Amino acid sequence: MSIIIHIDMDYFFAQVEERENPRFKDKPVVVGADPKEGKGRGVVSTCNYEARKYGVKSGMPISKSYQLAPHAIFLPVNMNFYKKVSASVFKVIEGCAKRMEKVSLDEAYLDVTKEAGSFKKAKEKALKIKEGIFKKENLTCTAGVGENKMMAKIACELAKPNGLKVILPSETNKILSSMDVAVIPGIGPRTKEKIKNYLKEKEVKIKDAKRIKKSELENLFGKRGKDFFYKFRGKDDSPVVENRETKSVGREHTFAEDTKDAEKIMKTYKKLITSTLLSVRRKKLKIKGVVVTCRFEDFDTHTKQVSFKVGDYSEEDLYKKSLPLLLGFLMKNKKIRLIGFRSLVVES
DNA sequence: TTTCCCTTCACGG
DNA sequence: CTAACGCCGTGAAGGGAAA
């Protein structure tokens, strides 16, 4: 049995924007792609709760969010600024717990099994973190405490925004039973659909999903199926990992309009390589391969990959090695929507 | 036979 | 045109080639 705290900054990017510009408060704020009067091709990155009242959500096409809330304040993603704020927030968190896994700019898991020793102490620690972040950065977050990563995350979801919730092991099964299967991390729309079809039900709660045998889940979902079987019962043995190794670094670009213009594509392609290589070098990584992605006008998406000897490579090297992959895509007589370049890397 | 490579799929933030 | 859909990164499946 572990004691895990999950910390999640509330509507992070939008909250930072509100802080920088207090007159945005009480108004719907949408951070994401340029809506371009409803013609934009990007998506919503984050929005505040005022915008959510209109049905706007993160991940939604920006064009749809514009239909739902044309009067909202639409802001571009100021990633460099959010990164700085995030670094400051993480300093607070690091000061409070030894074992910390950074999930993203605005989320972390803390394994406080040893330091806290009890759920009561863990709750106090979580409150301290919330206060520390608010004092330093004037931003709110939500904390969840549970017996493992999954339960900490679910507790956090239930308490948002600006909340703090503990789910005791004795409460775990009762709380899960009436929840939708999709609250389980790793169960997305596809997996949920498959489970619904398998049980021939319109909606599936976790108590219903528990009727499925472990062997059936394994047949349906392979090794993930076994994890699901245990997760339905509140069990998750995935560890808090402090330093994940970077496996790949890449960039991709969607054109404003689908294109066949080879010159335009090449120009963009070279920029993707340059930018990727910059990141690779900043992180002092060695390259062992490249992947080229192409999405055509009909959304058909393909990748081509080639591996080579681990080493340091120049922009020209990467260009030469990957060009045949890209040309393979240009041969097709279809307009291109997106191209991507990714380096497979190893830490040196 | 085992391991590695390539491609796709699904997911999460 | 009743769907619209970015950018980044991970893990796993499944088929085939290489060692």
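Proteins come first, then strands; the chains are lettered A, B, ... in the order of their sequence lines, and each starts at number 1. Given the structure is predicted, the values throughout are model-derived calculations rather than measurements.
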- Task: Mind calculating the distance between CD (A/Glu297) and P (C/dC5) to the nearest angstrom?
- Result: 13 Å
- Does a side-chain N or O from A/Ser63 land closer than 4.0 Å to OP1 or OP2 of C/dC5, or not? no
- When we call it a touch if two heavy atoms are under 4.0 Å apart, what does A/Val291 touch: a base, just sugar-phosphate, or nothing? nothing
- Please check the phosphate of C/dA12 (OP1 and OP2 only) for any side-chain N or O of A/Lys223 closer than 4.0 Å. yes
- Could you pick out which residue, A/Phe221 or A/Arg251, lies toward the 5' side of DNA chain C when each is mapped onto its nearest nucleotide? A/Arg251
- Summary of protein contacts for nucleotides 1-13 of chain B, nucleotide by nucleotide, where a base hit scores B, a sugar-phosphate-only hit scores S (4.0 Å, heavy atoms): ----SSBB-SSSS
- Message: Is it the case that the ring center of A/His71 lies less than 6.0 angstrom away from the ring center of A/Tyr66?
- Response: no
- Please state how far atom CG in A/Asp298 lies from atom C1' in C/dA3, giving the value in whole angstrom units. 15 Å
- Task: Please report, rounded to the nearest Å, how far the P atom of C/dA13 is from the CG atom of A/Leu217.
- Result: 14 Å
- Lys/Arg cation over aromatic A/Tyr230: A/Arg233, 6.0 Å, 45° cone: no
- Task: Look at all strands and tell whether A/Gly250 reaches a base, only sugar-phosphate, or nothing, counting heavy atoms closer than 4.0 Å.
- Result: sugar-phosphate
- Query: What pair of heavy atoms forms the shortest contact from A/Val345 to A/Ser248, and how long is it?
  - Reply: CG2-N, 3.7 Å
- Answer with base, sugar-phosphate or nothing: what part of the nucleic acid does A/Glu193 contact at a heavy-atom distance below 4.0 Å? nothing
- Taking only side-chain nitrogens and oxygens of A/Arg295, does any of them come within less than 4.0 Å of OP1 or OP2 of C/dG6? yes
- To the nearest Å, give me how far apart NZ (A/Lys283) and C1' (C/dC8) are. 9 Å
- Query: When the nearest nucleotide of DNA chain C is assigned to A/Ala33 and to A/Thr246 on a heavy-atom basis, which residue is associated with the more 5' position?
  - Reply: A/Ala33
- Integer angstrom distance from the P of B/dG13 to that of C/dC5: 23 Å
- Query: How close or far is atom P of C/dG9 from atom CG of A/Leu285, stated in whole angstroms?
  - Reply: 10 Å
- Message: Looking at A/Arg337, I'd like to know whether one of its side-chain N or O atoms comes within less than 4.0 Å of OP1 or OP2 on C/dC5.
- Response: yes
- Would you kindly give the CD-to-P distance between A/Glu218 and C/dA12, to the nearest whole Å? 14 Å
- Task: Check whether any side-chain N or O of A/Arg342 sits under 4.0 Å from OP1 or OP2 of C/dG9, and answer yes or no.
- Result: yes
- Query: Going through the checks in order, is the side chain to side chain donor-acceptor pair (under 3.5 Å) test met by A/Thr259 and A/Asp261?
  - Reply: CA-CA 6 Å; A/Thr259 182; A/Asp261 183 341; 5.1 Å; no
- In terms of side-chain geometry, is the basic nitrogen of A/Arg99 or A/Asp111 positioned less than 4.0 Å from the acidic oxygen of its partner? yes
- Message: Once you apply a heavy-atom cut-off of 4.0 Å, does A/Lys64 come out as touching a base, just sugar-phosphate, or nothing?
- Response: base
- Interatomic distance at P, C/dA3 relative to C/dC7, whole Å: 23 Å
- Query: How long is the line joining NE2 of A/His253 and C1' of C/dC7, in whole Å?
  - Reply: 12 Å
- Note on the structure: Rounded to whole Å, CG of A/Asp34 lies from C1' of C/dG6 at a distance of 13 Å
- Message: What I'd like to find out is whether the side chain of A/Asn173 reaches to under 4.5 Å of the side chain of A/Lys210, using heavy atoms alone.
- Response: yes
- Query: Looking only at heavy atoms, which two atoms of A/Ile3 and A/Gly117 are closest? And how far apart?
  - Reply: CD1-C, 3.8 Å
- Do A/Lys260 and A/Ile265 come close enough that some side-chain heavy atom pair is under 4.5 Å? no
